[in-house]
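By convention in this document, chain letters (A, B, ...) are assigned in the order of the sequence lines, proteins followed by strands, and residues within each chain are numbered from 1.
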Number of protein chains: 2
Amino acid sequence: MKKERNRLRSHCPVNFGLESFGDRWSLLILRDIIFRGKRTYGEFLKSEEGFATNILASRLEHLIDACILQREVHEDGRKDVYLLTEKGLDLIPLIFEIVLWSAKYDSKSEAKRIARLVELIRKDNRKISQKVMEKVRRGEAIVTEYLD
Amino acid sequence: MKKERNRLRSHCPVNFGLESFGDRWSLLILRDIIFRGKRTYGEFLKSEEGFATNILASRLEHLIDACILQREVHEDGRKDVYLLTEKGLDLIPLIFEIVLWSAKYDSKSEAKRIARLVELIRKDNRKISQKVMEKVRRGEAIVTEYLD
DNA sequence: AAAATTGCTTGCAAATTGCAAGTAACAATG
DNA sequence: CATTGTTACTTGCAATTTGCAAGCAATTTT
């Protein structure tokens with residue numbers, strides 16, 4: 001039942017990124033972790049974009065295979081905890097560039113609600129990413145802090 | 001025959017980006033334009049990742065609808081020219097972040113062949129992106145210049 | 001005028017997705 | 001300690017999307 005992995009179409013760096021996390025759902029999982037502090041299957045399932053249960057499961061597995069996420073046991077034994085690895089945390093600058101671009105071009109963007117963060121990204125993405133990586137490592141979400 | 005557009009799942013900035021360019025093929029088209037100076041349907045078709053003809057056509061249409069690409073007539077009337085709009089050029093910093101991440105985590109990455117560019121991105125993505133945007137506007141590809 | 005080239009479209013099989021309905025493992029409750 | 005609820009999945013299937021091979025119309029080349 002395992003899917004074929006490591007069968008990259010190419011080692012072009014753009015393609016490598018796309019095959020690692022470049023489908024419609026994977027980055028939404030990472031967004032939920034980084035911005036909203038989500039950690040469990042059930043929490044991801046509640047996202048407004050509406051994951052199908054099987055798709056969510058397959059994407060979590062894919063991200064674990066790619067060493068972007070790691071799974072741990074929750075204190076409540078029924079739940080699993082999904083955490084970003086260092087490799088996953090290193091995607092924060094990239095996700096922030098997406099936020100910046102969308103903030104510029106989507107007139108209805110909810111990025112307006114995190115205008116302070118967007119401004120920090122524009123000024124120095126690396127610097128704010130570093131701070132956010134530390135926050136996420138500590139298990140904190142970032143949205144609340146930067147709400148205007 | 002037209003697809004339903006502007007039916008966004010949400011205005012979350014991450015989601016907006018994904019719906020604009022976040023499928024397996026769209027960013028490869030942009031890569032071909034930015035790194036390899038490609039401009040026509042036939043040139044895209046030759047990419048090593050192997051576009052299916054209908055998928056390539058549908059993605060070009062999607063990117064035009066999203067105002068990321070614009071189509072113009074080639075001097076050879078059989079061909080069309082696909083160019084990045086300013087909105088499309090603004091994706092360069094994001095694509096460069098993908099390159100940076102893949103250069104770090106793919107041991108076989110072809111990013112090694114553009115090590116100088118990768119180093120410039122690491123030092124100051126905005127600055128080098130600005131330079132590259134001007135190059136691409138002028139219709140030049142960037143790969144050759146930065147080959148070691 | 002005939003032959004190539006180019007940018008598509010079409011048809012169809014195969015793969016992927018999305019939804020609804022399970023199920024197994026554990027936790028909480030009476 | 002038996003029952004009920006939760007949680008994280010899996011399974012079955014219909015609908016959509018993809019990938020490949022074959023067109024085809026509008027040029028351009030010969």
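Between E19(B) and R9(B) a salt bridge is recorded (basic side-chain N to carboxylate O distance below 4.0 Å). R137(A) and E86(A) are joined by a salt bridge, as a carboxylate oxygen and a charged side-chain nitrogen come within less than 4.0 angstrom of each other. Salt-bridge check for D106(B) with K108(B): failed, with every basic side-chain N at 4.0 Å or more from each acidic carboxylate O. Electrostatic pairing of E97(A) and R122(A) does not count as a salt bridge here, judged by no charged N lying under 4.0 Å from a carboxylate O.
Hydrophobic clustering, with ILVMFWY side chains joined whenever heavy atoms are under 4.5 angstrom apart, keeps F44(B) apart from L83(B). When the side chains of ILVMFWY residues are joined at heavy-atom separations under 4.5 Å, either directly or via intervening members, I55(B) and L18(A) end up in a single hydrophobic cluster.
Ring geometry for H11(A) versus F16(A): interplanar angle under 30°, hence parallel rather than tilted (30 to 60°).
Here dG18(C) is the nucleotide among dG18(C), dG7(C), dT27(D) with the atom lying nearest to any side-chain atom of I55(A). Counting only heavy atoms from C-beta on, R59(A) has its side chain closest to dT17(C) among dG7(C), dG18(C), dT17(C). Proximity note for R24(A) (side chain, C-beta onward) versus dG19(D), dG18(C), dC9(D): the nearest is dG18(C).
Annotation: proximity of residues 29-47 of chain A to DNA chain D (heavy atom, distance under 4.0 Å) is found for T40(A), Y41(A), G42(A), numbered in ascending order.
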Distances under 3.5 Å between protein N/O atoms and the N/O atoms of nucleotides 21-23 of chain D, please, pair by pair.
none

